[in-house]
Enquirer: 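One structure coming up, written as structure tokens, with questions to follow.
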There are 2 protein chains.
Amino acid sequence: MKVENPTSRDIAELAGVSQATVSRALRNSPLVRADTRERIQKIARDLNYFVNRNAAGLRTQQSNTIALLLFDETEGEDAQINPFFLSMLGYITRAAAGLGYDVLISMQQLTDDWHIEYQASNRADGLILLGYGDYVKYHEKLSALARANTRFTIWGPRIDDQPGHSIGCDNVDGGYKATRHLLDQGRKRIALLGSTSRRSPELASRYDGYCKALHEAGIELVDNLRVDAMSSEGEGYRAVLTLLARGEAFDAIFAVTDVIAIDAMRALEDNGYAVPADVAVVGFDDISLAGHVTPALTTVRQDIRQAAEALVHGIVGLIEGTPVESSLMVPRLVVRASCGAL
Amino acid sequence: MKVENPTSRDIAELAGVSQATVSRALRNSPLVRADTRERIQKIARDLNYFVNRNAAGLRTQQSNTIALLLFDETEGEDAQINPFFLSMLGYITRAAAGLGYDVLISMQQLTDDWHIEYQASNRADGLILLGYGDYVKYHEKLSALARANTRFTIWGPRIDDQPGHSIGCDNVDGGYKATRHLLDQGRKRIALLGSTSRRSPELASRYDGYCKALHEAGIELVDNLRVDAMSSEGEGYRAVLTLLARGEAFDAIFAVTDVIAIDAMRALEDNGYAVPADVAVVGFDDISLAGHVTPALTTVRQDIRQAAEALVHGIVGLIEGTPVESSLMVPRLVVRASCGAL
DNA sequence: CTGAAAGCGCTTACAG
DNA sequence: CTGAAAGCGCTTACAG
């Protein structure tokens with residue numbers, strides 16, 4: 001009863017059946033008589049036998065694996081992934097496991113052909129793409145993916161003629177809620193920190209929401225209150241310095257990501273401004289840091305878990321041929337101390 | 001020149017060579033004439049051909065994949081992984097990629113036989129285990145892994161007769177440095193928050209370092225200044241409440257993890273104690289939150305990147321048969337505001 | 001309900 | 001330097 005690296009043949013021999021029957025029994029085929037099946041499964045368990053994935057995959061041309069590509073604009077191998085995406089990872093893994101899929105991770109610039117290779121080499125049945133980035137630049141990459149018949153789903157906005165499936169958050173709505181809330185607190189001169197470039201449609205949409213809220217309140221847009229900032233460390237800090245240097249008065253900041261917002265709060269404090277007394281701050285994403293900084297950051301939460309599950313269902317749907325709609329999730333304002341409402 | 005899902009046979013046909021030669025050429029075998037090799041590789045590139053991993057893996061009995069198991073004591077599917085381990089993930093992935101390995105992730109309780117399955121099914125060539133946990137409980141799990149000839153390396157302390165390879169941090173040294181630093185600031189009544197159970201040797205070692213520093217300074221241990229706390233949300237907060245309820249005076253806290261320390265700081269503030277004026281606080285791990293809370297947390301840093309690389313080299317060494325020593329890394333005190341030294 | 005057989009796409013001795 | 005051949009361990013029509 002001791003076999004080193006048992007194969008289905010070994011099980012077959014011990015069970016006194018053919019190897020084919022073993023294969024069927026282990027896959028719970030109804031073609032096998034119940035008692036035979038149980039006998040075989042018991043032997044397999046006793047021998048610590050597990051189906052060889054390479055052999056099964058070669059035969060079926062499937063890997064039951066999803067490749068998760070975390071990409072980032074930021075250069076350098078030391079770059080930290082936005083924690084928002086990192087926390088999605090856990091939920092993605094669990095959701096995938098629930099559907100019988102393994103998750104292979106990779107952190108890459110979206111510049112190599114790496115992503116195509118993954119499916120072409122049968123390592124993964126499909127791809128999930130995660131990252132805030134330059135969608136104009138990605139467009140050709142995504143097209144290449146589509147041309148290679150690679151199945152993928154991407155976290156982000158639905159873009160016209162962008163290939164592939166996507167799950168996103170209603171960023172306009174989120175930006176609107178954030179700004180509206182600041183207006184409700186009586187703030188009138190609300191600065192906007194973050195990219196407004198159409199190249200980053202998710203962030204730009206948050207800006208659109210901001211504009212919409214101001215417009216609705218009859219407040220004019222002030223260009224001087226808008227400062228570009230990327231979502232990496234130090235950017236929010238720099239943006240506040242720029243803002244202060246301009247000398248344009250402001251009583252609130254809406255930062256398009258928490259990473260920017262948290263940095264901005266430090267800059268404000270370092271320069272003698274109290275948050276929220278002098279300047280109210282609202283961010284976006286609700287990364288775990290947000291609840292822990294002082295003052296705790298009011299922000300717009302995207303439901304990470306729901307997003308992760310939608311992504312996994314999306315890609316598994318593509319893989320298994322059950323159509324899945326691209327969808328948009330509704331974000332929710334999380335009120336904490338930094339906006340002055342508490 | 002259009003083939004749907006090209007195989008090495010297709011390439012062979014186009015190149016006018018045998019399939020065997022294609023296989024050799026693609027693996028850069030010196031057996032193939034240089035010009036033949038290049039011709040073949042060009043065709044492969046043009047066709048977007050990639051070696052089928054399942055077939056190659058079946059043949060060679062390797063997957064060139066490492067499975068990364070993030071386990072956690074905390075119950076419930078909503079449980080968040082300690083950010084310390086999450087940030088290791090990025091470095092592990094990059095280090096593995098550098099050595100030609102993919103990384104498969106899984107979040108599990110270390111209670112299933114999942115981990116054995118991974119190697120037995122040829123999905124992974126080896127395992128990296130990551131998590132703070134109950135080593136007594138794990139011992140049997142690790143033994144089962146070893147019995148099944150599963151190659152694994154674990155982040156943690158070297159434990160006598162614990163099977164497998166491990167990379168760890170010199171936790172005694174870290175605990176000593178933290179406590180010593182508090183003593184240097186003139187603090188005398190230093191509370192200890194965290195597990196001292198031998199079941200969590202890493203955390204217990206930090207406690208050992210604490211004891212050592214106190215002993216060296218001629219200060220007696222006060223049992224009442226020690227409160228058990230797990231490394232999950234709310235535990236540090238509760239621990240401070242317990243401490244306050246005891247009425248034992250204290251002027252500093254050494255928390256065995258940052259997660260506990262950050263929670264503790266909030267509890268102190270909520271109860272009218274200023275950090276560091278009334279109570280100095282030092283944590284352990286240097287999670288990214290640590291630098292962002294107010295006051296910024298003084299802590300003991302484990303070099304995540306170095307750790308990740310050591311883990312990857314460890315497991316790859318085991319896989320490829322080049323012996324790798326288990327090793328201990330030296331942690332470093334990172335002085336910020338919470339200890340009162342700035 | 002079960003078995004014999006083919007074949008998934010590679011890698012690598014073996015022979016030349 | 002190259003080719004013919006075997007075989008890795010499965011799954012699944014096909015036949016009974």
Side-chain angles (χ1 to χ4, degrees), chain A residues 3-41 43-44 47-65 100 117-125, chain B residues 3-41 43-44 47-65 100 117-125:
Chain A
V3 187
E4 196 50 41
N5 273 312
T7 69
S8 57
R9 280 228 139 65
D10 298 320
I11 313 285
E13 204 160 322
L14 287 164
V17 297
S18 74
Q19 182 269 331
T21 298
V22 170
S23 178
R24 291 196 192 94
L26 294 173
R27 325 187 84 242
N28 288 313
S29 162
L31 288 175
V32 182
R33 235 174 53 206
D35 60 333
T36 314
R37 184 169 60 218
E38 265 145 43
R39 188 157 46 88
I40 291 171
Q41 292 186 344
I43 295 174
L47 283 185
N48 243 309
Y49 168 80
F50 295 95
V51 172
N52 182 311
R53 282 302 209 86
N54 286 322
L58 175 58
R59 186 53 237 240
T60 60
Q61 302 288 33
Q62 291 191 335
S63 60
N64 283 299
T65 300
E117 180 182 350
Y118 260 66
Q119 189 178 316
S121 64
N122 270 273
R123 246 177 303 192
D125 299 327
Chain B
V3 187
E4 197 48 43
N5 273 312
T7 68
S8 57
R9 281 226 141 65
D10 298 319
I11 313 285
E13 205 160 320
L14 287 164
V17 296
S18 74
Q19 182 269 331
T21 299
V22 170
S23 178
R24 291 196 191 95
L26 293 173
R27 323 188 86 241
N28 288 313
S29 162
L31 288 176
V32 182
R33 236 174 50 206
D35 59 332
T36 314
R37 183 168 62 217
E38 266 144 42
R39 188 157 46 88
I40 291 171
Q41 292 185 345
I43 294 174
L47 285 185
N48 243 308
Y49 168 80
F50 294 94
V51 172
N52 182 312
R53 283 302 208 85
N54 285 322
L58 175 58
R59 186 54 237 240
T60 60
Q61 302 288 35
Q62 291 191 335
S63 61
N64 283 300
T65 300
E117 179 181 351
Y118 260 66
Q119 189 178 315
S121 64
N122 270 271
R123 246 176 304 191
D125 299 326

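Bear in mind the structure is a predicted one, so any value in this text is a computation, not a measurement.
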Enquirer: Between dA6(D) and dT2(D), how far apart are the P atoms? Round to whole Å, please.
Expert: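 Going atom to atom, P in each nucleotide, I get 23 Å.
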Enquirer: For D35(B), run the salt bridge (Lys or Arg N to Asp or Glu O under 4.0 Å) check against R33(B), R39(B), R37(B) and tell me which one passes.
Expert: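 Option passing the salt bridge (Lys or Arg N to Asp or Glu O under 4.0 Å) with D35(B): R33(B).
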Enquirer: Can you name the side-chain contact (heavy atoms from CB on, under 4.5 Å) partners of S8(B), sequence neighbours left out?
Expert: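 By the side-chain contact (heavy atoms from CB on, under 4.5 Å) rule, S8(B) matches Q19(B), V22(B), Y49(B).
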Enquirer: So how far is it from R123(A) CZ to T65(A) OG1, rounded to the nearest 0.5 Å?
Expert: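 OG1 of T65(A) is found 10.5 Å from CZ of R123(A).
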Enquirer: With rounding to the closest Å, how many angstrom separate the C1' atoms on dT12(C) and dG16(C)?
Expert: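 Rounded to whole Å, the distance is 16 Å.
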Enquirer: For dC14(D) versus dC10(D), give the span between their P atoms, rounded off to a whole number of Å.
Expert: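 Their P atoms lie roughly 23 Å apart.
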Enquirer: Taking only residues two or more places apart in sequence, or in another chain, which ones meet Q61(A) in a side-chain contact (heavy atoms from CB on, under 4.5 Å)?
Expert: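 Once residues adjacent in sequence are excluded, the partners of Q61(A) under the side-chain contact (heavy atoms from CB on, under 4.5 Å) criterion are N122(A), N52(B).
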Enquirer: Tell me, please, which residues at least two apart from R53(B) pass salt bridge (charged side-chain N to carboxylate O under 4.0 Å, His left out).
Expert: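 Listed in chain order: D102(B).
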Enquirer: Excluding sequence neighbours, so at least two apart, what forms side-chain hydrogen bond (donor to acceptor under 3.5 Å, both in side chains) with Q119(A)?
Expert: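 Q119(A) satisfies side-chain hydrogen bond (donor to acceptor under 3.5 Å, both in side chains) with no other residue.
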Enquirer: Within this structure, what is the CG-CG distance for the pair D10(B) and N5(B), rounded to the nearest 0.5 Å?
Expert: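 Atom-to-atom, D10(B):CG and N5(B):CG are 9.5 Å apart.
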Enquirer: Is DNA chain D part of any stem, that is, at least 3 consecutive Watson-Crick or G-U pairs with both distances under 3.5 Å, and where?
Expert: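 Detected stem regions: C:1-3 with D:14-16, C:5-12 with D:5-12, C:14-16 with D:1-3.
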Enquirer: To the closest 0.5 Å, what do you measure between OG1 (T60(B)) and CG (D125(B))?
Expert: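 Separation between the atoms: 8.0 Å.
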Enquirer: Base contacts versus sugar-phosphate-only contacts with protein, heavy atoms under 4.0 Å: please encode nucleotides 8-16 of chain D as B, S and - from 5' to 3'.
Expert: BBBBBB---
Enquirer: How many whole angstroms separate atom CG of D35(A) from atom C1' of dT2(C)?
Expert: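 In whole Å, dT2(C) C1' and D35(A) CG are 13 Å from each other.
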Enquirer: Write down the distance between CG (N28(A)) and P (dC1(C)), rounded to a whole number of angstrom.
Expert: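 Value for this atom pair: 14 Å.
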